[in-house]
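What follows is a short report on a single structure.
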Amino acid sequence: MQPTEGAAPHLGFWEERTGWSGLKRVLLLEPLPGGSRWAAAFGSLLLFAFVLQVITGVLLALGYAPSEEAAWPSVNYIQEEVPLGAFIRALHHWGSSAMVVLLLVHLVQVFVWGAYKRPRELTWMVGVLLLFCTLGLAFTGYLLPWDQKAFWATNVGLGILSTVPGVGGGLRELLQGGPGMGNLTLTRFFTLHGFVLPGLLILLAVVHLYLFRLHGVTPPWWISAERLKARQEPFWPRQALKDGVLALVFLLALAWWAWAHPAPLEAPADPSQPYEARPEWYFMFYFQLLRYFQGPYEVVGTFVLPTLFFLILFFWPFLDRKPARDPRRRPVAVGLLALGTAALVGLTVYAVATDVRMQEPALAAAPAPVERAGPIRWADVAQLYNTNCAACHGVDGTGSQVRKGLPTIPDFTSMAWQMSKPGLEVADRIRDGDEPLMPAYRDKLTTQQILGVAVYVRAFAASPAAVGLAPAPQPAAKGPPAGQEPARPVTARMPAAQVFQAYCLACHEADGTGSKLRKAVSDMPDFTSARWQSSRSNAELEHSILEGKGKLMVAMKDKLGPRDAGQLVALVRGFRDGKPAPKEPPPEKKGPSQELPPGKEQPKVTPPADGTAERLRVASGLYRQYCLTCHGVDGRGSEMRPAMPALPDFTNPAWQEGVSNPHLAVTILDGKGALMPTFRGRVGDEQAQDLAAYVRAFGPVPPPAPRPAPSDFDRRFRELQAQWDELQRQLQESSRPPGKP
Amino acid sequence: MADITPGRRRFLNVCTSLLLAVLGLLVTIPAVAYFVAPLRRRRRDGSDAPLVDLGDLSAFAAGRWKLHSLEVPQEGDWKTRQARAARVRHAVWVRRGAGERDVTVLSSLCPHLGCLVNWREGEGQFSCPCHGGVFDADGRNVAGPPPRPLDALECEVRAGHVWVRWQSFKSGVAERVPVRS
């Protein structure tokens, strides 16, 4: 810091222009009384740990988005996709714990040394503020991944804050950015964690270092002043070497630990999912403390004691003003330190050891990410479904018991729903979840298990019996629907290609190779393989279709007749040599009812008026014959509801709004849940649509057109058909060798 | 301090500097590697991208350019980890020719610096609003800074619909170089 204008030219280019030797003198040549010491390296190690947190934090911020929708996915992206992402995140995660440990070590060391005594009181107080900042960083950083743990732990933390007498509620809202945790909580915490607190910490650290340099390092109390003077040496190089060695050891140890222990990322935050919030280990003592103060005394544990503790800590240099630094001559201070340390360590250990968690919910207890050797078994899949899915979707897959609360829950037994989820869509929804309520299972289930559960879900539509569902209990008093099963002429009444799309494609795929599911289902046949084709007779194939085969091929005899099976076998034979499935209605010439170009509205489909009355009359007859027993004359189903809680009330506007006509028609044809039987075979497709219209008539507002159903159904069906065509086209395209047009 | 000879002092200096340099590099190298990771990912030039449906051919008047937007999947961030891949909207100029299956699709991005070019019906030419580049009705660069014609995109007609394969090309160069992303 010498004025350089008068300096001789031999000083060199940089020295002449920057005067860096002056800076070097200030930074590196500070005299240390008593020489370099390992014990003096903890402060700079703490600084190094902080610099490491800043660097890793900046790197994480490169790929982080603080919003409810994006926070978890972006952290997940860092964790799973970004090269080195998981490592950097683990470094930051474990580095924060390490920093808290180093801070406590530094604090205890300074306390034992008596380094807070006059004239270094302010150095200590700034140090306590630095401790605050670090704990604040730990608390705010905890929320940012927006996973279950983060959400609930922060929720509790904010709850503790709100117990502060008087201003607690306001403080909470201020931090939270609103009445509840959400986007603004994330942006606020991100700002605090990424800008405000680090800035404050850097500022305080500069003041801390300035004060430290002003008063010099506190020498050991056991060495006389003369000897200290005699053994004095500058910071550079010996102390720098010791600091460097310690930092290197710390870095390597942290890197090794972080490499071996990835930072946890739990399921995305979901305020509707129960979670046992536990703080990070260094707050566990506090957690334990709160157990001792309950009811009106809770504020003692949440606010009074911690505040008292930090006030005493902060003002300690002014409470202990005797100049003696030898711990043996400070029994009270050392006693308090021992007591405080014992209490903190004791509470932490006790809290961790005795933390009784309630039984892990079945969701988490599922033997999830353990890959089982060999192919997955049907019984395992059933168990997976029952533990993970049945709580909402029901053992029968209809989801009826929770539909009142979750109107969007799908009915797996509905063919309309199944057809709206082509290919691997079901598996994708299980893996990634679905807005707004379906959780993602990618962290709970393996890919194999997810595929298995997807197949299981598909099977609901194919045949309720195949998934181990007990026969539908028939109402005791009235029995007309019962006993009709054997006589029922079962047939799909669909062309074979359509049957294939509805029932087979989900697993065997449009090209018949079944390649996507083969990794989960090892005995999945490849219809395009000539060897497979020649090893099976037509009769064998028909038998497999109707009676099921192995663990996963479900019996279709409830849905298909022998004729259907025969046609299907012919279709399957067509796959030989990689020939794609013949599309039943090719895009150019669609079925007779579909000559209209898609996209145009078809007023033509509205039936002539005379036909309508006749069809409605037939529908009302059908209703009386098949539906009235359960659904009642008035469509309310009130008589049967005690026995069948899921029975809908057709006069309920909410119910009417919640179902579409095609959905109704398919429900009539394919049945629903455990109690609604299938009427395919007894009721034709058109009649089902008429019945749907008839059911509509129970609703509050009679439908404007007497029969909007068929056109609606047709349109929907055509849309699905178009989606299929498009999917198949894309599939063919993607399997085409690249480069060829 | 007194017990340190100049030689030993120099040795200590070198050791400490080396150690600190190693420490710095240990932190810096992974950090830089992480920062430049986006440059190292696997790239594709977009020629294998799926065709996108632009809709009914009859919606395009013969012989006239029409701007049409399309969505194409874009990889590269956490949205691709979610169920539906991230999509980005682009726009293309579409013109139907005289023939049944004669369709031309041009990228709407100016090959100069990537602005969106406009079609001026009156003058019968494309013009770029940024630096005044002008292209004739077939997309050839006739005036201004653009170094090459507007980029024609691969397209075909299937079942009465126009399908196009979106691709980006490097701007500012005379050759058509696909941008690898």
Side-chain angles (χ1 to χ4, degrees), chain A residues 31 35 48 51-52 55-56 58-59 62-63 65 69-70 72-78 80-85 87-88 91 230-234 236-238 240-241 243-245 247-248 251-252 255 425 428-429 431-435 440 587-588 597 599 725-726 729-730 733-734 738-739 741, chain B residues 1-4 8-41 44 47-53 55-56 58-59 75-84 86 154-156 158-161 163 165:
Chain A
F48 177 73
V51 169
L52 210 57
I55 291 172
T56 51
V58 167
L59 293 180
L62 289 175
E69 292 76 29
W72 192 91
S74 63
V75 174
N76 184 249
Y77 177 76
I78 292 172
E80 304 280 337
E81 302 275 312
V82 177
L84 279 179
F87 178 59
I88 296 289
L91 273 183
R231 289 170 58 180
Q232 176 166 305
E233 63 177 348
W236 184 271
R238 285 195 162 181
L241 186 68
D243 288 6
V245 167
L248 191 65
L251 180 70
L252 292 178
E425 177 95 12
D428 288 345
R429 290 284 77 74
R431 192 185 65 227
D432 297 322
D434 201 3
E435 292 302 317
E588 276 73 37
D725 292 347
E726 166 62 12
R729 199 192 51 71
Q730 283 184 4
E733 189 164 297
S734 66
Chain B
M1 199 172 167
D3 57 334
I4 298 184
R8 192 167 143 74
R9 183 168 187 80
R10 205 172 309 123
F11 175 72
L12 260 175
N13 266 335
V14 170
C15 276
T16 312
S17 306
L18 264 179
L19 181 92
L20 294 186
V22 165
L23 191 66
L25 286 177
L26 271 181
V27 175
T28 320
I29 289 172
V32 170
Y34 180 93
F35 184 77
V36 301
L39 298 178
R40 299 187 300 162
R41 68 176 194 282
R44 284 179 300 188
S47 56
D48 56 347
L51 288 168
V52 179
D53 189 359
D56 215 324
S58 57
E75 283 185 30
D77 68 11
W78 53 83
K79 271 205 241 166
T80 44
R81 301 227 6 115
Q82 290 169 314
R84 284 158 284 276
E154 191 186 331
C155 64
E156 55 186 274
R158 288 184 187 169
H161 277 224
W163 294 76
R165 177 169 289 129

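Numbered from 1 within each chain, the chains take letters A, B, ... in sequence-line order. These numbers come from the heavy atoms of this one structure, side chains and all, not from hydrogens, waters or symmetry mates.
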Check: Hey, mind stepping through A:Val51 and B:Val27 against side chain to side chain contact (heavy atoms under 4.5 Å, CB included) and telling me if it holds?
Finding: CA-CA 10 Å; A:Val51 169; B:Val27 175; over 6 Å; no
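Each of A:Leu59, A:Leu84, A:Thr56, A:Val58 has some count of heavy-atom pairs under 4.5 Å with chain B, and the biggest count is that of A:Leu59. Of the listed residues A:Ile78, A:Ile88, A:Asp243, the one with more heavy-atom pairs under 4.5 angstrom with chain B than any other is A:Ile88. Contact tally against chain B (heavy-atom pairs below 4.5 Å) for A:Gly35, A:Ala440, A:Pro83: the top residue is A:Pro83. Per-residue heavy-atom pair counts under 4.5 Å with chain B were compared for A:Gly85, A:Pro31, A:Ser74, and the maximum is reached by A:Ser74.
When heavy atoms are compared at a cutoff of 4.5 Å, A:Val75 does not approach chain B at all. For chain B, the nearby part of A:Leu52 is the side chain; its heavy atoms alone come within less than 4.5 Å. Of the two parts of A:Phe48, only the side chain, counted from C-beta on, holds a non-hydrogen atom closer than 4.5 Å to a non-hydrogen atom of chain B. Both the backbone and the side chain of A:Leu248 have a heavy atom closer than 4.5 Å to some heavy atom of chain B.
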Side chains of residues 13-25 of chain B: which donor-acceptor partners sit under 3.5 Å, not counting sequence neighbours?
unit_1, atom_1, unit_2, atom_2, d
B:Asn13, OD1, A:Trp236, NE1, 2.2
B:Thr16, OG1, A:Pro237, O, 3.4
B:Thr16, OG1, B:Leu12, O, 2.7
B:Ser17, OG, B:Asn13, O, 2.8

